Amino acid sequence: MKYLGIEVNVKNSPELDPGFIPLGLFNKAFLETAKKPIGIAVERANGEMASYPTFIHGTPDFLETDRYYIRRLVKTLLWMKGGFRVYCDDKEMFTYLRDEAFCDKGTQDFDFHYFEGIFERAFEVVYTDSIPAGKDSPKPMGGHLEGCRIGFDAGGSDRKVSAVIDGETVYSEEVVWFPKINSDPDYHYDGIVAALKSAAEHMPRVDAVGVSSAGVFINDRTMNASLFLAVPKELYNQKVKDIYIRAITDTFGDIPFCVVNDGDVTALAGAMSLEDNNILGIAMGTSEAGGFVDANGCITGWLNELAFIPVDANPEAMQDEWSLDIGCGVKYFSQDGVIKLAPRAGIELDEKLSPAEKLKVVQKLMEDGDPRAAKVYEGIGCYLAHSLVLYYDLYGYKHVLLLGRVMSGKGGDLLLETCRRILKDEYPELNEKIHLALPDEKFRRVGQSAAAASLPEIK
């Protein structure tokens with residue numbers, strides 16, 4: 001298939017989405033003929049820097065192609081590592097990024113304003129003759145098992161909590177809730193406190209609390225999270241930014257606690273489960289959560305928001321309702337991905353059902369051996385195989401741990417089987433380098449909350 005003058009050869013395409021253009025393969029084909037060097041860097045807090053040297057064509061015939069490639073690259077770096085300042089050493093591309101892409105009312109208007117908000121400073125695109133070198137500040141976190149601990153995992157469709165004593169989970173529960181459609185932050189606060197108290201009832205005391213939650217967290221504060229999508233801005237600033245801090249201290253007083261993005265906790269759970277490092281965690285639930293534990297066993301502090309990293313170059317790809325962008329992971333590796341493919345497989349879903357309930361319908365069909373449901377999971381497995389190539393170029397991981405409701409049951413098994421088959425067939429070199437891991441059924445669903453319990457250090 002061809003897009004923007006680039007011929008992309010895809011050996012394995014999802015049957016229910018034949019227009020899917022794996023962005024990793026598009027980038028590879030693009031770079032085969034791109035010879036003009038260009039450097040991009042993204043600066044985040046504390047002087048940390050993501051630096052990325054690459055190439056473009058630099059000719060009029062490929063102007064739009066070059067712009068597309070660089071725009072998607074910058075977006076990818078922003079959502080992978082976070083940042084408020086973009087550096088570019090090509091004047092023409094710098095002008096495009098500043099004046100047409102990452103600006104107010106530009107093509108990446110959402111990203112522009114989003115990163116201004118979470119870093120609480122103006123977003124800039126800067127021209128430079130010399131791209132700054134990369135700099136990161138990874139730090140060890142988690143793996144603390146001693147004492148009586150609570151781990152809380154806040155998802156968009158359910159909340160999970162575990163009580164853990166000296167590394168052994170003595171109690172776990174899942175409770176359905178609807179955080180995304182509730183505008184009163186007291187609804188969220190009360191739900192968090194109820195979960196904490198439920199776990200506390202199964203231990204003699206509470207020594208520490210770890211929280212795994214979708215969103216962006218700086219110093220345990222909720223700078224942005226889709227869980228609180230309906231909360232008005234003034235109430236968000238008053239009651240949401242410190243919601244986990246308040247819930248823990250109001251309930252237990254002055255005890256150690258940590259609030260960490262759920263994707264990083266997924267990766268931490270993988271490190272604890274596999275007893276190894278260099279792990280990319282992917283949780284497929286309400287959204288796609290990503291996390292990374294590096295080769296030294298450290299959490300990087302990057303955003304790892306895989307949900308908003310592009311994976312599909314198809315110009316007709318489905319739009320995400322929140323960011324208004326297309327082709328990003330949230331519509332491929334989440335319950336949204338299942339809901340997207342189900343009608344194409346001939347499965348009618350009642351629009352009155354919640355997304356989580358729609359997922360359960362497809363899961364039940366899969367458990368009953370319905371071939372239509374199998375096509376859905378095979379499609380997501382195909383998406384995953386191609387996207388793991390893109391993620392490997394970014395992270396260089398050794399292991400991939402797959403968690404979340406989408407990975408539950410027979411559907412998750414078929415998804416993984418399909419992914420492995422395509423990796424072996426289309427990407428044999430990568431297949432030899434990486435290891436895909438799927439925890440047992442119980443760990444798939446509550447593993448994040450148990451791992452979250454190990455986050456705080458008791459001093």
Side-chain angles (χ1 to χ4, degrees), residues 37-54 70-91 93-99 101-104 106 108 110-142 215-225 241-242 245 258-261 263-265 267-268 277-280 290-306 308-309 391 393-397 455 457:
I38 183 175
I40 297 291
V42 173
E43 182 179 352
R44 58 195 310 271
N46 305 317
E48 294 180 12
M49 194 79 63
S51 188
Y52 199 100
T54 185
I70 292 296
R71 187 176 78 245
R72 299 319 255 173
L73 172 61
V74 171
K75 180 182 177 74
T76 295
L77 293 176
L78 285 169
W79 287 99
M80 175 189 177
K81 294 197 171 185
F84 56 86
R85 183 176 294 126
V86 175
Y87 296 88
C88 179
D89 63 2
D90 181 277
K91 286 188 176 180
M93 200 58 66
F94 149 72
T95 302
Y96 165 70
L97 292 173
R98 183 193 63 183
D99 297 344
F102 294 89
C103 57
D104 184 46
Q108 306 299 148
F110 177 87
D111 305 312
F112 172 80
H113 289 292
Y114 180 86
F115 287 100
E116 279 197 333
I118 65 169
F119 286 98
E120 298 180 324
R121 58 191 300 171
F123 189 96
E124 297 179 278
V125 180
V126 178
Y127 174 76
T128 179
D129 289 325
S130 179
I131 290 295
K135 179 185 177 184
D136 287 309
S137 302
K139 52 188 175 184
M141 185 178 292
V216 177
F217 302 94
I218 299 175
N219 297 325
D220 301 309
R221 301 180 72 226
T222 310
M223 302 311 294
N224 197 286
K241 284 193 174 180
D242 64 348
I245 300 171
C258 288
V259 184
V260 176
N261 176 269
D264 278 338
V265 179
L268 175 62
N277 296 316
N278 201 8
I279 296 172
L280 178 66
F292 183 60
V293 171
D294 70 13
N296 297 314
C298 294
I299 289 177
T300 58
W302 303 342
L303 293 193
N304 299 311
E305 287 283 3
L306 299 183
F308 304 106
I309 289 179
Y391 296 159
D393 288 341
L394 297 171
Y395 289 94
Y397 56 80
L455 288 169
E457 181 180 3

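The structure presented is a predicted model; accordingly, all values stated were derived computationally and were not measured. Heavy-atom basis, side chains included; hydrogens, waters and symmetry copies ignored.
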Please check if the number of heavy atoms outside Asn219 that lie under 6.0 Å from its CG is greater than 12.
no

Of Thr76, Leu306, Leu280, the one forming a side-chain contact (heavy atoms from CB on, under 4.5 Å) with Leu394 is Thr76

Report the residues that fulfil salt bridge (Lys or Arg N to Asp or Glu O under 4.0 Å) with [X], sequence neighbours left out, ordered by chain and then residue number.
X      : value
Asp242 : Arg246
Asp90  : Lys36
Lys81  : Asp136
Asp89  : none

Can you list the residues that meet the side chain to side chain donor-acceptor pair (under 3.5 Å) rule with [X], with sequence neighbours excluded?
X      : answer
Tyr391 : Glu288
Thr54  : Tyr69
Asp264 : Asn304
Glu124 : Arg85

Nearest atoms (heavy-atom pairs only) where Ile131 meets Ala41
CG2-CB, 3.7 Å

Kindly determine whether Glu43 and Phe84 satisfy side-chain contact (heavy atoms from CB on, under 4.5 Å), including the steps that lead there.
CA-CA 6 Å; Glu43 182 179 352; Phe84 56 86; 4.1 Å; yes

Could you tell me if the side chain of Glu116 sits less than 4.5 Å from the side chain of Arg121, heavy atoms only?
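Side chain of Arg121 against side chain of Glu116, heavy atoms only: no contact under 4.5 Å found.
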
Applying side chain to side chain contact (heavy atoms under 4.5 Å, CB included) to Asn278 and not counting sequence neighbours gives Phe292, Ala295, Tyr397, Lys398

For Asp129, side chain to side chain contact (heavy atoms under 4.5 Å, CB included) partners two or more places apart:
Tyr127

What's the spacing between [X] [atom1] and [Y] [atom2] if we round to 0.5 Å?
X      : Y      : atom1 : atom2 : value
Thr222 : Ile118 : OG1   : CD1   : 12.5 Å
Thr128 : Ile40  : OG1   : CD1   : 11.0 Å
Glu48  : Trp302 : CD    : CH2   : 9.5 Å

What residues, two or more places apart in sequence or in another chain, satisfy ring pair (Phe, Tyr, Trp, His ring centres under 6.0 Å) together with Phe123?
Phe112

Qualifying residues under ring pair (Phe, Tyr, Trp, His ring centres under 6.0 Å), relative to Phe115, sequence neighbours excluded:
Trp79

Determine whether Tyr96 and Ile70 satisfy the following criterion, side-chain contact (heavy atoms from CB on, under 4.5 Å), listing intermediate values before the conclusion.
CA-CA 10 Å; Tyr96 165 70; Ile70 292 296; 6.0 Å; no

